[in-house]
Amino acid sequence: MPSVMTANRLQDGAVVYLSDNENWITELASARVAEDGTQLEILQKIAAEATGKQIIIGAYPMDVDLTTGAPAAKSVREKIRAARRPTIAAVNEAR
Amino acid sequence: MYRYDEFDRTFLIDRNREFRNQVERRLKGELTEDQFKPLRLMNGLYLQLHAYMLRVAIPYGALTARQLRQLAMIARRWDKGFGHWTTRQNIQFNWIKLVDVPDILEALAEVDMHAIQTSGNCIRNVTADPYAGAAADEVEDPRIWAEILRQWSTNHPEFTFLPRKFKFAITGALEDRAAIAFHDIGIRIVGGPNGTVGFKIFVGGGQGRTPYVAQEMKAFLKPEELLSYLEAMLRVYNLHGRRDNLYKARIKILVNAIGIDAYRAQVEEEWERTRQEDIDLPAEEVARIRSHFTPPDLEARPLDAAAFAKRRAEDAGFDRWVRRNVIGHKNPDYAIVSIAFKEPGRPPGDASAEEMERVADAADRFSRSELRITYTQNVILPHVARADLIALYDELKEAGLVAGNTDLITDIIACPGLDYCNLANARSIPIAEAITDRFADPERAEQVGDLRLNISGCINACGHHHAGHIGILGVDKKGTEHYQITLGGSPDNDASVGDILGPSFPAEGVPDAIDTIIDTYLAQRNDGETFLATYRRIGATPFKETLYGTR
Amino acid sequence: MEHVDLRIAELASSAFAASGSETGSLPAGATELAVTADRQERHAAIVEAVLAGNAIAIPFAKFNDGRGFSLARLLRSEHGFRGEIRATGHVIPDQALHLLRSGFDTAEISDADKLPHWQQALSSYSGNYQMAARNPLALRRQAALKQSAESRAADLGKQLAATGDLAERIHIIAKAVPGRLSFSTSLGKEDQAILHAIHEAGVEADIFTLDTHKHFKETLATLKRSEEHYGLKIRVITPNEDDLRELMARDGEDGFRTSVAGRKACCMIRKVLPLNRTLRGSAGWITGLRREQSAERAAVEFASWDASLGLFKVNPLSDWTEEQLEAYVSDNNVPVNPLHAEGYVSIGCEPCTRAIAPGEDPRAGRWWWENMDGKECGLHIGGERQLDKVA
């Protein structure tokens, strides 16, 4: 099952994903996808290092949907995280 | 209001210096997240879905206009221009950066505020009757004792690493507006022999996974016995509360496992051994704290009754606002006014920086600069002259803050839910929004009458769903958000835990389900009977039948 | 293992400053007390620690398992234990003040690099809202003392020196002490004089005596006579039965004769722990100590701050001579223990007290089979560093 590594950035708590060039970015669509367990292990190792360097916290792998080509969130929770905002229209317009 | 002296200010400076140091050690890697987490939680700092969340204490819900303006400043400078009144009379900011927190805490300290013990397994901010000092049915102002409890519990050497969080609520009134039955320890100020005043103590209430209504622990405690008795209660809990299972660690589990009588016997034995220890404050210290809560000197302000009646007759909105949001004050020339933060389009309890400033202005002009936050996520102006009600209404109307729906079906308590919270299983705010829209017609809402509808996004029950006349609990059902409905809960003097009605509903089915429940109630109610009274009379069956059909 | 001495913050209580660590100088022996210990097990641990001269070590399985805090607090308050209490296992620097204020003296830490954090943590607060299990008054909210307890004690001493009248001195003490005033009486001549003065001054005090179950019958008769004479109540404080049973089981009926440690353990169980328990919550403690009584008491001041008990210890007779005392007692018809007339000067428990010859050191009648140094039962040992003398 395709998956990506996600976490929160230590300094500001923002939702981040591991990218191809080993950066932690906020756009899920540009995240690096692991196609199998072996690839995922590599991503998890990178995440552990970043945790040790005080870059991120609470890293975990999450399943993604690749129907549109780019990785997309599957669960409600991950959709809300990836959107980087709550789902309340009135609130998002105001802020 | 309690005003800080040099001691209190020095303490805050020390606390903030300590926390700044802890944040620095975390950023440098000297503290791991596992080590830092309990330390940051002890200072109200959570990590949520999108950012850190800082929960700021509003001790016993009491706030000054100056403090509210500072909260507005913080919302603008370090958040996205909003704050959120919590279901325990606090405020939380949902878009906080870790690196900013030490500066935010310093800004709070400038107005004698803090985030101490708004989370963590320690004694949390004490909640109290939001009408304290103004209510007509008050035995004594509970803020005096809430402040004493605040000081006593702040950085308590023995009770900072308890098995689980610990919540106090206190009321000094006949009518419980602090939900004391749903707290680890609930305190009711009562009259004693020869005109004395003392405390009735309740223990073991709570919501969450295993809801309980608190049981009576002690019929009467003298003021000079309060702290030593509470220490004995906390010590028995600290030593014997479960630490092996997060869900069984609250005091309610201990009390119900060994029984209230066994728990009481242990506490009384402990108390007999330690009560002489000078734990309770000396009389002069109680008097010093009491002196901060001297009732304001409210001059006579006769109301122009004719003009008032005329406005009510001409302006249905004003009339409804007076009916629902203006509450009797112990001084007949004055009123307690509720400012509702509940109308279509607003997540329950969200307040913008501008609204905070408008409300602060209103408090300065009309309420001796005093404000209160309710656990139902509204704001109270405690001392408004009836003669000023029209002017206040007009001012609040400009700010869009005159929803006249206090204690109606649209005065919903809701937690932030899955839109913000890491613990949530489902969203709360969109459900609140849908129900608010469904009952947007104020006449219909008023026709339904007093109704407490509470929504929680998970079993932790921050949205008090167990205590709602109608409770809604978000659950995860194979990856989709579902909602379970309970009926018959009450947070008041007649406290009860709601009964689960039946299988859960998908999000889109919830407004219809609520409609069906309300229609059933309207069809069954006797004259003047509230929803809760009807439910208690007829039970769950008629509601189950209309909702799920007869089986 | 490194040790952090938490008391460095407290010893400098007025400044709350930590200065230097004192690692490695602590006694190695420790009696471990599990956080699940019930009352019976706590009594057993105390007796064992007292007999062996051990610290009591409370292990923390996880730093946020807070049971150890309550346990230390119980050892201090319910049991009156004043020996070293040590935190072992997982404790973190951010807990230093919680540990200290709950009654711990020391913490065992595995990582010496963390020592600066511990020291910083110990000095991180200028004051606290609650009383603490040790040193309650100095840390209490309303006693965010502009003036340190030590200098208040010195002021009180000066006031006492300014008058020779004993009732007047009692008045001054009652006025200066911010809370409950305790008077422990042995029913000896000094204490009878003070009892008389308390009665004369009309001051309210918690008057009590420690009944060790080993007193002379004359002493107990003096108690009864004094109560009747002054119309006062003297509370009789007895040793804890569990502690006594534990002591007998470990050291036998005559353990106090066979070794100094055994004798001191007996004093500890029968007198010191009951005294500590009774004094808890007290703001001032009046005693009948006089400088003339022994070489060890030659420096007794009128008033001092006892940091470990958290109270002012006041000795209104400290400057009196034997003659002054005799004159006061006879001028005022103060009832005295008839044993004084038979050559008994310092009267304690019957098996441990004898009459002395004229000219002998007044304390020579106590524990005469031991050598001369340190003939104290432990009631009047001040300061943390001398605890080994008690045990």
Side-chain angles (χ1 to χ4, degrees), chain A residues 1-17 24-29 31 44 46-65 67 72-95, chain B residues 23 25-34 36-37 45-54 75 78-82 84 94-101 343-347 350 352 354 416-430 432-433 474 476 478-481 507:
Chain A
M1 200 174 282
S3 53
V4 302
M5 281 306 290
T6 183
N8 290 82
R9 203 152 52 199
L10 174 66
Q11 296 224 346
D12 61 1
V15 177
V16 286
Y17 305 93
W24 290 89
I25 57 166
T26 55
E27 294 294 336
L28 171 59
Q44 282 176 312
I46 299 169
E49 278 167 23
T51 303
K53 287 184 195 158
Q54 286 74 248
I55 296 165
I56 52 157
I57 47 175
Y60 61 93
M62 86 184 219
D63 294 344
V64 288
D65 181 355
T67 338
K74 291 170 87 171
S75 71
V76 181
R77 179 177 191 273
E78 292 304 342
K79 283 176 187 162
I80 293 172
R81 286 181 82 240
R84 284 173 280 146
R85 59 184 201 179
T87 59
I88 311 124
V91 171
N92 291 321
E93 282 160 29
R95 298 174 204 187
Chain B
V23 170
R25 282 158 63 206
R26 174 70 191 105
L27 291 171
K28 276 192 254 170
E30 291 171 12
L31 288 173
T32 64
E33 188 59 24
D34 281 349
F36 181 58
K37 190 174 172 186
L45 188 64
Y46 287 75
L47 178 64
Q48 298 214 322
L49 287 193
H50 311 284
Y52 290 90
M53 179 271 276
L54 181 66
W78 287 296
D79 198 278
K80 294 191 172 187
F82 276 74
H84 175 79
N94 283 321
W95 299 93
I96 295 298
K97 296 184 169 79
L98 174 62
V99 288
D100 290 335
V101 175
E343 75 275 344
R346 179 199 297 279
D350 265 21
S352 72
E354 197 203 347
L418 189 56
D419 280 299
Y420 294 98
C421 179
N422 238 337
L423 304 172
N425 289 322
R427 283 171 287 175
S428 306
I429 296 168
E433 205 167 35
D476 177 277
K478 292 176 187 154
T480 62
E481 299 161 288

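Sequence lines set the chain letters: A, B, ... in the order given, protein chains first and strands last, and positions in each chain run from 1.
Between B:Arg26 and A:Ile57 the shortest side-chain heavy-atom distance falls below 4.5 Å. Side-chain atoms of A:Ile80 and B:Arg427, non-hydrogen and from C-beta on, do get closer than 4.5 Å to each other. Between A:Thr87 and B:Pro430 the shortest side-chain heavy-atom distance falls below 4.5 Å.
For B:Gln48, the part sitting under 4.5 Å from any heavy atom of chain A is the backbone (N, CA, C, O) and nothing else. With a 4.5 Å cut-off on non-hydrogen atoms, B:Leu418 touches chain A through its backbone and its side chain both. Looking at A:Gln54, only its side chain comes within 4.5 Å of chain B, counting heavy atoms on both sides. Contact of B:Asn425 with chain A is not made at all, since no heavy-atom distance falls under 4.5 Å.
Checked by atom type and distance alone, the side chain of A:Asn8 never pairs as donor or acceptor with a backbone atom of B:His50 at under 3.5 Å. Looking at B:Tyr52, its side chain does come within 3.5 Å of a backbone N or O of A:Leu10 through a donor-acceptor pair.
A distance of 8.5 Å separates CZ of A:Arg9 from NZ of B:Lys97, quoted to the nearest 0.5 Å. Taking CG of A:Asp12 as the start and CG of B:Asp100 as the end, the distance is 9.0 Å to the nearest 0.5 Å.
Summarising the local packing, CD of B:Glu354 is surrounded by 12 or fewer heavy atoms from other residues, nucleotides or ligands at distances under 6.0 Å. With a 6.0 Å radius and a threshold of 12 heavy atoms from other residues, nucleotides or ligands, A:Gln11 has its CD atom at or below the threshold.
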